[in-house]
Amino acid sequence: MGNRSKRTVPEHVAIIMDGNGRWAQARGKPRLFGHHAGARRVREIVESCPDLGVKYLTIFAFSTENWQRTQAEVSGLMKLFKRYLMSETKELVTEGICVRFIGDRMKLDETLVALMDEVELLTCDNDRVNLTIALNYGGRDEVARATKRLSRDVAAGKVDPEDVDDETLASYLDTYVLPDPDLVIRTSGEARISNFLLWQSAYAEYEFVDTLWPDFTRDEFASVLSKFSTRERRYGAVPG
Ligand code: FPP
């Protein structure tokens, strides 16, 4: 605990990349234009992580609720994810980025899942930055899926219900290999969690910035991180 509260750079930053649609609409363009600009920003922010000392970056690309958008926007986003993975994989490998996906893959199309599996496999030995992309992800859905798997193991006699504690449940979550986020950033002026990393963010700091995601630069990212470094984190304890 002591070590954690003295850390000045957040080890794990999670970002809700909001505001692509409004950014595009302000320019008289379709919403997908904003998502493409948002994807370019993803690259800049990921590339800035080693210099800024961020070891884990988790980004919210598509939520379990995003299926409710128009069919055109959903299929445009899916195409964008595929294109992004096809065009960026080589660079991700050479830049030492380890890519993982969290979320339910069952509802995603086969071609996309195959690309996700491929990039995970090709980058799994990297450890300069750990990039986790939340795709068809919802915090409640993740806890429900984890509970289902845990229940199966209880029913099969592999887990004693008396031994189940928070660490047990955490080990069944999609994020089981990741540390909890230290800082969650949401862009575009909305101050909501929107079902993102509900369990994992129990002690995270939150930072809400007005900038729309396609305008969120590396410099602004750096300034949000330096604001974090001035805060004292107590994890429920009294100040020492
Ligand atoms: C929220 O903005 C953004 C999304 C639902 C999609 C996020 C996707 C990207 C940034 C594209 C690239 C991602 C990867 C991993 C390549 P919004 O559409 O809700 O904006 P609005 O609130 O202004 O309508």
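Atoms within each ligand, like the ligands themselves, are counted from 1 in listed order. Since this is a predicted model, take the numbers as computed values, not measurements.
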List every atom of ligand 1 that sits less than 4.0 Å from any heavy atom of [X], numbering the atoms from 1 in the order shown and giving each element.
X	value
R69	5 (C), 17 (P), 18 (O), 19 (O)
R22	21 (P), 22 (O), 23 (O)
A39	12 (C)
L80	11 (C)

Between [Y] and [X], is the closest basic N to carboxylate O distance under 4.0 Å?
X	Y	result
E110	R105	no
E11	K55	no
E207	R231	yes
K82	E118	no
R145	E142	no
E47	R43	yes
R128	E95	yes

Indicate, as side chain, backbone, both or neither, the part of Q25 found under 4.0 angstrom from ligand 1 when only non-hydrogen atoms are considered.
neither
Can you tell me which portion of N66 lies within the under-4.0 Å heavy-atom range of ligand 1? Options are side chain, backbone, both, or neither.
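The side chain, only.
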Can you check whether [X] has an N/O within less than 3.5 Å of an N/O in ligand 1?
X	result
N20	yes
F81	no
R31	yes

For [atom], what is the nearest protein heavy atom, given as residue, atom name and distance?
atom	value
atom 3 (C) of ligand 1	M17 O, 3.1 Å
atom 7 (C) of ligand 1	A61 O, 3.4 Å
atom 11 (C) of ligand 1	H35 O, 3.6 Å
atom 20 (O) of ligand 1	G21 N, 3.0 Å

Residues T123 and N126: side-chain donor-acceptor under 3.5 angstrom:
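Checked: T123/N126 side chains show no N/O donor-acceptor pair below 3.5 Å.
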Is R69 positioned over the aromatic face of W67, cation under 6.0 angstrom from the ring centre and no more than 45 degrees off axis?
no
Mind listing the closest non-hydrogen atom pair of F60 and A134 along with its distance?
CD2-CB, 3.8 Å
Look at ligand 1 and say whether S188 reaches it with a heavy atom at a distance under 4.0 Å.
no
May I ask whether E88 places a heavy atom under 4.0 Å from ligand 1?
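No, that is not the case, since the closest heavy atom of the residue is not under 4.0 Å from the ligand.
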Of Y84, F62, W23, F60, the one whose closest heavy atom lies nearest atom 16 (C) of ligand 1 is Y84
